[in-house]
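What follows is one structure encoded as structure tokens, with my remarks underneath.
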Amino acid sequence: MERLNQVLRDRTSGIVLVLDRLYDPHNLSAILRTAEAFGLQEIHLSESWPEATNPQVALGAERWLTVRRWPDPGLLLNDLRARGFTVALTSPEGAGMSPEAYDPPGPVALVLGNEREGAAPFWESRADVRLTLPLRGFVRSLNVSVAAGIFLWSLSGKKPLRISLPEETAAGLRDRWIRASVPNAEGILRHLGPPGEASPEGK
């Protein structure tokens, strides 16, 4: 319980990932693992995605995350706008701002395009800001999972993006995580009582 509660305290709702039309299960698995390690909770899969993950790469990260699938990217964008997210389109090279120099005004939805074509024109035309990694070698592109890790490392420590999960969301995740990982989970949850209430012993 101590470990679960510590992870919940460190979770942020200030950054969500949008993965646009990824096709490689290895890349998706690596990104899920990285996002979970950096304390993200929400991953949004846009338009198309691999049907499965690679368990040897993801290491079960998906069971701790909230992964939502959106065949219609327009509905996803509406959801993000309604919740006040700035849409930040990422690119490994090109015109854009370094993530280290970026000063986010509030929560950010970080969009990563697919492995061959990058982001779809839908996201290109609707992004609020473009973030770019400066590349200095002969190689002019990065694997999408590597790029995701660098962007998240650069952004995850920024104070405006360190937004705690709402109490109700955290309580629901706590219950879900107990069921996913702890023997006798139902008995523990009965002991703890409904979300937000103390156990009968006050613990």
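Along the sequence shown, the residues carry numbers beginning at 1.
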Worksheet item: Do Leu89 and Phe85 share a hydrophobic cluster (ILVMFWY, side-chain heavy atoms under 4.5 Å, transitive)?
Response: yes
Worksheet item: Out of curiosity, Asn54 CG to Leu32 CG, how far, rounded to the nearest 0.5 Å?
Response: 11.0 Å
Discussion item. Do Met1 and Ile178 have side chains that approach each other closer than 4.5 Å (heavy atoms only, starting at C-beta)?
Written reply: yes
Worksheet entry | Residues forming a salt bridge (Lys or Arg N to Asp or Glu O under 4.0 Å) with Asp24, sequence neighbours excluded | none
Worksheet item: Which pairs pass side chain to side chain donor-acceptor pair (under 3.5 Å) with one or both residues in residues 25-41, sequence neighbours excluded?
Response: Arg11-Glu36, Arg11-Gln41, Asn27-Glu115, Asn27-Asn143, Gln41-Thr66
Discussion item. Please find the pair of heavy atoms, one from Leu22 and one from Pro50, that lie closest to each other, and give the distance.
Written reply: O-CD, 3.3 Å
Worksheet entry | Closest heavy-atom pair and its distance - Gly149, Phe38 | O-CE1, 3.9 Å
Practice prompt. Please tell me if the side chains of Asp128 and Arg81 come closer than 4.5 Å, counting only heavy atoms from C-beta onward.
Written response: yes
Fill in: Where Ala120 and Asp20 come nearest, the two heavy atoms and their spacing
N-OD2, 2.8 Å
Practice prompt. Could you tell me which residues satisfy ring-ring contact (aromatic ring centres under 6.0 Å, His included) with Trp177, sequence neighbours excluded, listed by chain and number?
Written response: Trp64
Could you pull out all donor-acceptor pairs under 3.5 Å where a side-chain atom in residues 103-114 meets a protein atom, sequence neighbours excluded?
unit_1: Asn114; atom_1: OD1; unit_2: Arg116; atom_2: N; d: 3.2
unit_1: Asn114; atom_1: OD1; unit_2: Glu117; atom_2: N; d: 2.7
unit_1: Asn114; atom_1: OD1; unit_2: Gly118; atom_2: N; d: 3.3

Worksheet entry | Hphob cluster co-occupancy, Leu76 + Val67, side-chain heavy atoms under 4.5 angstrom | no
Fill in: Heavy-atom donor-acceptor pair, Arg176 side chain to Arg63 backbone, under 3.5 Å
yes
Worksheet item: Nearest 0.5 Å, what's the CG-OG1 distance between Leu59 and Thr53?
Response: 10.0 Å
Worksheet item: Could you state the interatomic distance from OG (Ser98) to CG (Leu133), rounded to the nearest 0.5 Å?
Response: 7.5 Å
Discussion item. If you compare all heavy atoms of Leu131 against all heavy atoms of Phe151, which two are closest, and at what distance to 0.1 Å?
Written reply: O-CZ, 3.6 Å
Worksheet item: Applying the 4.5 Å side-chain criterion to the ILVMFWY set and letting contacts propagate, would Val144 and Ile15 be lumped into a single cluster?
Response: yes
Just distance, no hydrogens or angles: give the donor-acceptor pairs under 3.5 Å from side chains in residues 155-166, sequence neighbours left out.
unit_1: Ser156; atom_1: OG; unit_2: Leu152; atom_2: O; d: 2.9
unit_1: Lys158; atom_1: NZ; unit_2: Pro99; atom_2: O; d: 3.4
unit_1: Lys158; atom_1: NZ; unit_2: Glu100; atom_2: O; d: 3.1
unit_1: Lys158; atom_1: NZ; unit_2: Tyr102; atom_2: O; d: 3.0
unit_1: Arg162; atom_1: NH1; unit_2: Ser156; atom_2: O; d: 3.4
unit_1: Arg162; atom_1: NH2; unit_2: Asp10; atom_2: O; d: 2.6

Worksheet item: Can Phe122 be reached from Leu80 by stepping across I, L, V, M, F, W or Y side chains whose heavy atoms are under 4.5 Å apart?
Response: yes
Worksheet item: So, do Arg136 and Pro134 sit near enough that their side-chain heavy atoms are less than 4.5 Å apart?
Response: yes
Response to the item:
Residues at least two apart in sequence or cross-chain that pass side chain to side chain donor-acceptor pair (under 3.5 Å) with Asp79, listed by chain then number, are Arg83
Worksheet item: Between atom CD1 of Ile43 and atom CG of Leu17, what is the distance when rounded to the nearest 0.5 Å?
Response: 4.5 Å
Worksheet item: Is there a chain of hydrophobic side chains (I, L, V, M, F, W, Y, each step under 4.5 Å between heavy atoms) that links Leu173 to Val16?
Response: no
Item to complete: Taking the side chain as every heavy atom from C-beta outward, state whether Trp49 and Leu19 have any atom pair closer than 4.5 Å.
Response: no
Worksheet item: If we ignore angles and hydrogens, is there a donor and acceptor under 3.5 Å between the side chains of Gln6 and Arg3?
Response: no
Worksheet item: Got a second to check how far Arg179's CZ is from Arg174's CZ, nearest 0.5 Å?
Response: 9.5 Å
Worksheet item: Taking C-beta and beyond as the side chain, do Arg126 and Val87 meet within less than 4.5 Å on heavy atoms?
Response: no
